[in-house]
Peer 1: 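Please find one structure pasted underneath; my questions will follow.
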Protein chains: 2
Amino acid sequence: MSDVEIKVENIVASATLGKSIDLPQVAPALEGVEYNLEQFPGLVYKLKEPKTAALIFGSGKLVCTGAKSIEDSKKAIHIAVDKMRTLDPDIPTEFEIKVQNIVASANLMKTLNLEAVALDLENTEYEPEQFPGLVYRLGEPKVVLLLFGSGKVVCTGAKTISDAQLGVEKTKERLTELDLL
Amino acid sequence: MSDVEIKVENIVASATLGKSIDLPQVAPALEGVEYNLEQFPGLVYKLKEPKTAALIFGSGKLVCTGAKSIEDSKKAIHIAVDKMRTLDPDIPTEFEIKVQNIVASANLMKTLNLEAVALDLENTEYEPEQFPGLVYRLGEPKVVLLLFGSGKVVCTGAKTISDAQLGVEKTKERLTELDLL
DNA sequence: ATGTTTTATAAATGGTTTTTTATATACTAT
DNA sequence: ATAGTATATAAAAAACCATTTATAAAACAT
């Protein structure tokens, strides 16, 4: 059976600068930055290219969301950090970036009977009145698949692209084993 | 130099039951329980004897505060868990209890010049207009001492009574070394 | 018909919520 | 004079705040 092709839709990555950041000091370097500390303890900084958002904390940690590739995620983080450095030269140019979550989509190319899947496939939750997708939790890799009646799939929770790929493939194989696909 | 006598004032302990708890199901067994999930995600259950409060979470974890001895802390936790078990027999009778914080007080029996202490003692913070105590952070054991002009001391952050005792003794010795006592 | 919102999933980040307790100073209210 | 509040310290617990993204069905608004 041929592999399923997945498409990376979202990357969540974190970065640790290794020093505290004075948020009010660096905020002017980030045009359009959102800063409401009563509501959320970080700066929200959005980039148009790559289209991402960065959450920036006083601890010197960042979270970047929205990138569609690991490269873009790193690029966005470096852009944000380079801008911050213009107002705080002690900010390092090298630091750790870690991919925390990868969201990927795929198409199984066949419709699914989710009621039957819910009955026969293990580790599932399906409440169609609440949400039209069926939640399927894999243990290895530790990812969560959302299965839709259209045959489309979302895989979330992966830390590597190969885990996302493997998660989707294992799901397809399991559905085929159970004659659900 | 003789040892300082400390008095345990507060014990914070956590317990892990190892299974989820249906909070609305067990709440009736806890007379006077406070339950406002919009404000805080746990039940607040207070005992008169030992005089303690327990925070009870749906995850099956508890926090007990207010006991003045480790024995009393464990007793209070068992009382709360025994009551919960009357409405949820699957709750185990044996589970892990861990002391997380011990607050102890002591008297150095000599007044302190906190301005001088702030100048000569390392790792201190002293803002008398904000709070009349001087904050002194020890690394080993990792505790925090609050020093007051009266010579009274609060030691907090210890996980064992001997750490609290050692923290206070080391502080006294250090102050004596610096001729601040 | 189009757009928006809600429902659900994962993940990182950090402050708040609640509870307790000694210490002590200032302030307010009764 | 008493009482409460705030200031500060530690610690555990867990949900929310905000960010993103695919998927899709229902409901609502334009």
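Nothing here was measured: the structure is a model prediction, and the numbers come from that model. Below, read A as the first sequence line, B as the second, and so on, with proteins coming before strands; counting in each chain starts at 1.
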Peer 1: Between C1' on D/dA13 and OH on B/Y45, what's the gap in Å once rounded to a whole number?
Peer 2: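 The distance from OH of B/Y45 to C1' of D/dA13 comes to 19 Å, rounded to the nearest Å.
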
Peer 1: For A/F148 and B/T52, find the nucleotide of DNA chain C closest to each by heavy atoms; which residue's nucleotide sits nearer the 5' end?
Peer 2: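 Taking each residue's closest nucleotide, the earlier one in sequence belongs to A/F148.
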
Peer 1: Specify the closest pair of heavy atoms between B/L23 and B/P41, including all atoms of both residues, with the distance to one decimal.
Peer 2: CD1-O, 4.2 Å

Peer 1: Quick test of the criterion, 5.5 Å between centres and less than 30° between planes. Is A/F131 stacked on C/dA8 or not?
Peer 2: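 Stacking is present between C/dA8 and A/F131, given that their ring centres fall under 5.5 Å apart and the planes under 30°.
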
Peer 1: Does A/N10 offer a backbone N or O that forms a donor-acceptor pair with the side chain of A/K68 under 3.5 Å?
Peer 2: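 Checked: no pair found.
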
Peer 1: By nearest atom, which of the nucleotides D/dA13, D/dA18, D/dT23 is closest to the B/V63 side chain?
Peer 2: D/dA13

Peer 1: Counting side-chain heavy atoms from CB outward, which of D/dC17, D/dT20, D/dA13 is closest to A/Q39?
Peer 2: D/dC17

Peer 1: Which is true for B/E34 with a 4.0 Å heavy-atom rule: it touches a base, it touches only sugar-phosphate, or it touches nothing?
Peer 2: sugar-phosphate

Peer 1: Provide, to the nearest angstrom, the distance between the CG atom belonging to B/N101 and the C1' atom belonging to C/dT19.
Peer 2: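 Going from B/N101 (CG) to C/dT19 (C1'), I get 12 Å.
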
Peer 1: Send over the distance from A/L43 CG to C/dG14 P, rounded to a whole Å.
Peer 2: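 Distance check: A/L43 CG to C/dG14 P gives 13 Å.
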
Peer 1: With the threshold set at 4.0 Å, does a side-chain nitrogen-carboxylate oxygen contact exist between B/E177 and B/R174?
Peer 2: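 Answer for the salt bridge query: yes.
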
Peer 1: Has A/K142 got a side-chain N or O lying under 4.0 Å from the OP1 or OP2 atom of C/dA11?
Peer 2: yes

Peer 1: Can you identify which nucleotide, out of D/dA8, D/dA18, C/dT17, has its nearest atom closest to the B/P41 side chain?
Peer 2: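 The answer is C/dT17.
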
Peer 1: For A/K159, answer base if it contacts any base atom (sugar-phosphate contacts may also be present), sugar-phosphate if it contacts only those atoms, and nothing otherwise; contact means non-hydrogen atoms under 4.0 Å.
Peer 2: sugar-phosphate

Peer 1: Starting from the 5' end of DNA chain D, give me the residue, B/G60 or A/G151, whose nearest nucleotide shows up first.
Peer 2: B/G60

Peer 1: Quick test of your reading of the model: are B/K83 and B/E31 salt-bridged, counting only N-O distances below 4.0 Å?
Peer 2: yes

Peer 1: Roughly how many Å is it from NZ in B/K98 to P in D/dA11, rounded to a whole number?
Peer 2: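 Computing the B/K98:NZ to D/dA11:P distance gives 11 Å.
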
Peer 1: Which listed nucleotide (C/dA22, C/dT17, D/dA8) is nearest to the side chain of B/K68?
Peer 2: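 Ranking C/dA22, C/dT17, D/dA8 by closest atom to the B/K68 side chain puts C/dA22 first.
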
Peer 1: Between D/dT19 atom P and A/D72 atom CG, what is the distance in whole Å?
Peer 2: 21 Å

Peer 1: Please work out if A/V135 contacts a base, only the sugar-phosphate, or nothing of the nucleic acid, heavy-atom cut-off 4.0 Å.
Peer 2: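 Since only primed, P, OP1 and OP2 atoms lie under 4.0 Å of A/V135, the category is sugar-phosphate.
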
Peer 1: With a cut-off of less than 4.0 Å, is there a side-chain N or O of B/S59 near OP1 or OP2 of D/dA14?
Peer 2: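 It does, given that an N or O in the side chain of B/S59 lies less than 4.0 Å from OP1 or OP2 of D/dA14.
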
Peer 1: Checking contacts here: which listed nucleotide (C/dG14, C/dA12, D/dT23) is nearest the side-chain heavy atoms of A/S150?
Peer 2: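 Out of C/dG14, C/dA12, D/dT23, the nucleotide with an atom closest to A/S150's side chain is D/dT23.
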
Peer 1: Which of the following nucleotides, C/dA24, C/dT23, D/dT23, is nearest to the side chain of B/L146?
Peer 2: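 Looking only at heavy atoms from C-beta outward on B/L146, the closest nucleotide is C/dT23.
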
Peer 1: Assign A/V144 to base, sugar-phosphate, or nothing according to its heavy-atom contacts below 4.0 angstrom with the strands shown.
Peer 2: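 Touches sugar-phosphate only.
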
Peer 1: Tell me which nucleotide among D/dA13, C/dT23, D/dT21 gets nearest to the side chain of A/V103.
Peer 2: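 Side chain of A/V103 sits closest to D/dT21.
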
Peer 1: Give the rounded distance in Å between these two atoms: CD of B/E9 and P of D/dT9.
Peer 2: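 Going from B/E9 (CD) to D/dT9 (P), I get 19 Å.
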
Peer 1: Looking at the side chain of B/K152, which of C/dA12, C/dA24, D/dA24 is the nearest nucleotide?
Peer 2: C/dA24

Peer 1: If you pin B/F40 and A/N10 to their nearest nucleotides in DNA chain D, which one's is more 5'?
Peer 2: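 That would be B/F40.
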
Peer 1: Would you say the base of D/dA10 and the side-chain of B/T156 have a donor-acceptor pair closer than 3.5 Å?
Peer 2: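 Present.
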
Peer 1: Just the rounded figure in Å: distance from C1' of D/dT23 to CG of A/L114.
Peer 2: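 Atom CG in A/L114 sits about 11 Å away from atom C1' in D/dT23.
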
Peer 1: Please give, in whole Å, the distance from D/dA13 P to B/L62 CG?
Peer 2: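 Between P of D/dA13 and CG of B/L62: 11 Å.
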
Peer 1: For a quick check of understanding: with a heavy-atom distance under 4.0 Å over all strands, which category does A/E125 fall into, base, sugar-phosphate or nothing?
Peer 2: sugar-phosphate

Peer 1: So does A/N107 get a backbone contact from the side chain of A/K152, meaning a donor-acceptor N/O pair under 3.5 Å?
Peer 2: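 No.
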
Peer 1: Does any part of the side chain of A/V154, heavy atoms only, come nearer than 4.5 Å to the side chain of A/V103, both counted from C-beta?
Peer 2: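 SC-SC contact between A/V103 and A/V154 confirmed.
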
Peer 1: Between D/dC17, C/dT19, D/dT20, which nucleotide has the shortest distance from any of its atoms to the side chain of B/K46?
Peer 2: C/dT19

Peer 1: What's the closest nucleotide to the side chain of B/A53 if the choices are C/dT20, D/dA11, C/dT18?
Peer 2: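 Closest nucleotide to the B/A53 side chain: C/dT20.
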
Peer 1: Tell me if a side-chain donor or acceptor on B/Q25 pairs with a main-chain N or O of B/L87 at a distance below 3.5 Å.
Peer 2: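 Checking the backbone N and O of B/L87 against the side chain of B/Q25, a donor-acceptor pair under 3.5 Å is found.
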
Peer 1: Look at the side-chain N and O atoms of A/K51 and state whether any lies under 4.0 Å from the OP1 or OP2 oxygen of D/dT21.
Peer 2: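 Checking D/dT21 against A/K51, a side-chain N or O does come within under 4.0 Å of OP1 or OP2.
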
